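Only one structure is covered here, and it is reproduced in the block below.
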Amino acid sequence: SGNNWGYGKENGPSLWHKQYPTAKGSRQSPIDIVPHQLSHDPSLGPIVPNYDQCTSLNISNNGHSVAVEFDDSDDRSVIRGGPLDNPYRLKQFHFHWGGKGCHGSEHTVAGNSYASELHLVHWNAVKYKTYEEAATAPNGLAVLGIFLQTGDDHRWLHTITDALYMVKFKGSVTDFKGFNPKCLLPSSLHYWTYLGSLTTPPLHESVIWIILKEPISVSERQLSKFRMLLSTGEEEDQRIHMENNFRPPQPLKGRRVRSSV
Ligand SMILES: Clc1ccc(Cc2nnn[n-]2)cc1
Ligand SMILES: [Zn+2]
């Protein structure tokens, strides 16, 4: 069935093209960002995230990552500006990470990867009626990517890592209200932007990527709590830890990566 893709030897990124031919498409993500080959575009304005209405609902483990879902029934939590011509509604955020001490980001910068990468997934509710419709439309989605590097404890990430034990197993979900993801943004909102895709099946080529240049710092201890999550369900006897849930960089195929100031 279509949902047995994963990150293992038997079902990992190099095999996804068999079930999802888009994997070999012309605007796949992630990519390696090479800063000195970029065109700085003065017409690119600042991005303006507005998450202050704290519309988070729950936190869940879908077997591939851990995600915080938001109420996206109106425009209370949106991102505007930059390369976007409409406000895009925040639907959920999730993470990608590595194994102990090894790297785990999806995008790389001049061949270097970070320990983890946070994705805030938004959709264009002006042009489309549902997330599902936007997810299959060119530029229907906007994903804000934030790199995590290991260093000091992150002051607010514990709000999430303290909840991970409640969603240890695939398929688990628990309340997670009133969380404002603004606290996970770095101080600078300078970004790179390019046209790409979802980085997991179905790999739809529907994403305007906005990657923040400045990483946030989290401690190895905080990161290790993500690796405690299982990609297997409570009823399964084989317990597989969730780690290295990242797709490697894909061919640029002539795309331009633009840089904000
Ligand atoms: Cl809602 C959603 C959309 C995409 C992904 C996977 C992904 N695509 N691009 N970055 N992450 C996870 C949840
Ligand atoms: Zn992601």
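Whatever order the structure lists them in is the order used to number ligands and atoms, beginning at 1. Note that the structure is predicted; figures quoted are calculated from it, not measured.
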>> Quick test of your reading: applying ring pair (Phe, Tyr, Trp, His ring centres under 6.0 Å), list the pairs with at least one residue in residues 211-230, sequence neighbours left out, ordered by first then second residue.
In response: Phe95-Phe226, Trp97-Phe226
>> If the cut-off is 4.0 Å to any non-hydrogen atom of His96, which atoms of ligand 1 fall inside it?
In response: 11 (N)
> In ligand 1, which numbered atoms sit nearer than 4.0 Å to a non-hydrogen atom of Tyr131?
Replying inline: 1 (Cl), 2 (C), 3 (C)
> In ligand 1, which numbered atoms sit nearer than 4.0 Å to a non-hydrogen atom of Trp209?
Replying inline: 9 (N), 10 (N)
>> Donor-acceptor check, side chain of Ser219 to backbone of Gln222, threshold 3.5 angstrom: yes or no?
In response: yes
>> I need the nearest protein heavy-atom contact for atom 6 (C) of ligand 1: residue, atom name and distance, please.
In response: Thr200 OG1, 3.2 Å
> Who's the nearest protein heavy-atom neighbour of atom 8 (N) of ligand 1, and how far?
Replying inline: Thr199 N, 2.9 Å
>> I need the nearest protein heavy-atom contact for atom 4 (C) of ligand 1: residue, atom name and distance, please.
In response: Leu198 CD2, 3.6 Å
> Tell me: protein heavy atom nearest atom 13 (C) of ligand 1, and distance?
Replying inline: Gln92 NE2, 3.2 Å
> Can you tell me the protein heavy atom closest to atom 11 (N) of ligand 1 and the distance?
Replying inline: His94 NE2, 3.0 Å
>> Listing by chain and number, which protein N, O or S atoms are under 2.8 Å from the Zn ion (ligand 2)?
In response: His94 NE2, His96 NE2, His119 ND1
>> Testing the basics here: between Lys9 and Leu15, what is the closest heavy-atom pair and its distance to 0.1 Å?
In response: O-CD1, 3.5 Å
> Out of curiosity, does Ile146 fall in the hydrophobic cluster containing Trp192 (side-chain heavy atoms, cut-off under 4.5 Å, transitive links)?
Replying inline: no
> Under the side chain to side chain donor-acceptor pair (under 3.5 Å) criterion, do Thr55 and Asp71 qualify, and how do the steps go?
Replying inline: CA-CA 6 Å; Thr55 50; Asp71 174 353; over 6 Å; no
>> Quick check on the 6.0 Å ring-centre criterion: do Trp209 and His107 meet it?
In response: yes
>> Quick test of your reading: applying salt bridge (Lys or Arg N to Asp or Glu O under 4.0 Å), list the pairs with at least one residue in residues 101-127, sequence neighbours left out, ordered by first then second residue.
In response: none
>> Would Lys91 and Tyr131 count as a cation-pi pair here, with the cationic atom under 6.0 angstrom from the ring centre and within 45° of the axis?
In response: yes
>> Using a strict threshold of under 4.0 Å (side-chain N to carboxylate O), is an ion pair present between Arg227 and Glu220?
In response: yes
>> Per the salt bridge (Lys or Arg N to Asp or Glu O under 4.0 Å) rule, what does the pair list look like for residues 24-43, sequence neighbours excluded?
In response: Asp41-Arg258
